[in-house]
*Asks:* 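I'd like to ask some things about the structure below.
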Number of protein chains: 2
Amino acid sequence: MNETNNWAEALRTRNLKATTNRVGVLQTIEEFDKAIPHSKIQDRLQKVDRVTLYRTLNSLIESGMIHKVSVENDEIFYAICSQKCTTEEHNHQHVHFKCTNCNEVSCVQSNSIETLNLPGYKIESFEIQAKGICSNCS
Amino acid sequence: MNETNNWAEALRTRNLKATTNRVGVLQTIEEFDKAIPHSKIQDRLQKVDRVTLYRTLNSLIESGMIHKVSVENDEIFYAICSQKCTTEEHNHQHVHFKCTNCNEVSCVQSNSIETLNLPGYKIESFEIQAKGICSNCS
DNA sequence: TTTTTAAATGCAACATTGTTGCATTTAATA
DNA sequence: TATTAAATGCAACAATGTTGCATTTAAAAA
């Protein structure tokens, strides 16, 4: 989230040029309050070249400004990073939830996520993907 | 797991014809004790048509004999269902773990998985994907 | 403000992954 | 052994993602 909506500033902070495309992509993702599918970003930014969109999304992920959300084998979704993610590490403490009714995908904060423990395994990161009925639909 | 390795019988039980291709796919997945990437199944069964492999994998998933394992945006992996999965429902109580050292993906049983709870959301199923160092590599 | 320059972009071409239709083959049943 | 519905293989297509390269643009220097 970026209260002042000054994505240009946020981009420069991370040593990325504040181009029209990048700001447009960030605004598009932000406006959609759920996680937004790749195709929907492209639909809303038809002037942006397909290849450029791929490269833009990758650089924003790399810089820790957005993250991918994949649930099942669906299309890939994207969401703004609400935590302090960096180039070095994305660190999300939320569940990626897909509603089987409205098909929307969202990042849901959970205070019940504690660390995962698998004897013999050294866990660096983990992610929870859930399916069910979202609060809007139930 | 199928002790007698009689996959033909298991297929007929589920009203699937016990074809050479299907038995071959099941054996290939079983032999690889980790989850096996799609491309590796194809490599080992070069005589099987590409399209047939896709359709075979789908029917085996549909029948509850195997399940997909996807971690991050990698290639899709497959594993034999060790639980009593059915056409109606796959029901796995394990973590999908990807080792960042050897890149192998495995299904790891965990007794620490309890139900996930998100206030306002009705959770039908959830899956945990973890990354780190596996027991072999550490 | 203008010039410089490295990063970002757009385009064409390619690569990979997954799907559909249809004629042929095969496993299971009669 | 004959029958038949399911499974297969092939060709063609569709969707998704990548690479190389010439052009444009944002940011910094002059």
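Scope of the values below: all heavy atoms of this structure, side chains included, with no hydrogens, waters or symmetry mates. A, B, ... follow the sequence lines: proteins, then strands. Residue 1 opens every chain.
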*Asks:* When the distance from CD of Glu75(A) to C1' of dG17(D) is rounded to whole Å, what number comes out?
*Replies:* 13 Å

*Asks:* Please say yes or no: joined through hydrophobic side-chain contacts below 4.5 Å, possibly via intermediate residues, are Leu118(B) and Ile133(A) part of one cluster?
*Replies:* no

*Asks:* Using a side-chain heavy atom cutoff under 4.5 Å and only I, L, V, M, F, W and Y, what cluster partners does Val105(A) have?
*Replies:* Val69(A), Val71(A), Phe77(A)

*Asks:* Are any non-hydrogen side-chain atoms of Ser106(A) and Tyr121(B) less than 4.5 angstrom apart?
*Replies:* yes

*Asks:* With a 4.5 Å limit on heavy-atom distance, are the side chains of Ile29(A) and Leu57(A) in contact?
*Replies:* yes

*Asks:* Return the orientation label for the His92(B) and His96(B) ring planes: parallel under 30°, perpendicular over 60°, tilted otherwise.
*Replies:* tilted

*Asks:* Could you tell me whether Thr52(B) contacts a base, only the sugar-phosphate backbone, or nothing, with contacts defined as non-hydrogen atoms closer than 4.0 Å?
*Replies:* base

*Asks:* Distances under 3.5 Å between protein N/O atoms and the N/O atoms of nucleotides 12-15 of chain D, please, pair by pair.
*Replies:*
none

*Asks:* DNA chain D: Leu53(B) or Lys17(B), which has the more 5' nearest nucleotide?
*Replies:*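 Per heavy-atom nearest nucleotide, the more 5' residue is Lys17(B).
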
*Asks:* Salt bridge check, Lys131(A) against Glu72(A): does any charged N sit closer than 4.0 Å to a carboxylate O?
*Replies:*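 Salt bridge flag = yes for Lys131(A) with Glu72(A).
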
*Asks:* For DNA chain C, note the earliest and the latest nucleotide, 5' to 3', having some atom under 4.0 Å of a heavy atom belonging to chain B.
*Replies:* dT17(C) to dA28(C)

*Asks:* Is there a side-chain contact between Trp7(B) and Arg22(B) in this structure, where contact means two heavy atoms from C-beta onward sitting under 4.5 Å apart?
*Replies:*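 The answer is no, as the side chains (C-beta and beyond) never meet within the 4.5 Å cut-off.
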
*Asks:* Counting distance only, does the side-chain N/O of Thr100(A) pair as donor-acceptor with the main-chain N or O of Gly132(A) below 3.5 Å?
*Replies:*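 Here the side-chain-to-backbone pair exists.
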
*Asks:* Tell me what Ser59(B) touches on the nucleic acid: a base, only sugar-phosphate, or nothing, going by heavy atoms under 4.0 Å.
*Replies:*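 It contacts nothing in the nucleic acid.
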
*Asks:* If each of His38(B) and Asp49(A) is mapped to the nucleotide of DNA chain C with the nearest heavy atom, which maps nearer the 5' terminus, i.e. the 5' end?
*Replies:* Asp49(A)

*Asks:* Can you work out whether Asn58(A) or Leu16(B) has the more 5'-proximal nearest nucleotide on DNA chain D?
*Replies:* Leu16(B)

*Asks:* Heavy atoms under 4.0 Å, any strand shown: does Arg55(A) hit a base, just sugar-phosphate, or nothing?
*Replies:*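 Base, at least one base heavy atom under 4.0 Å.
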
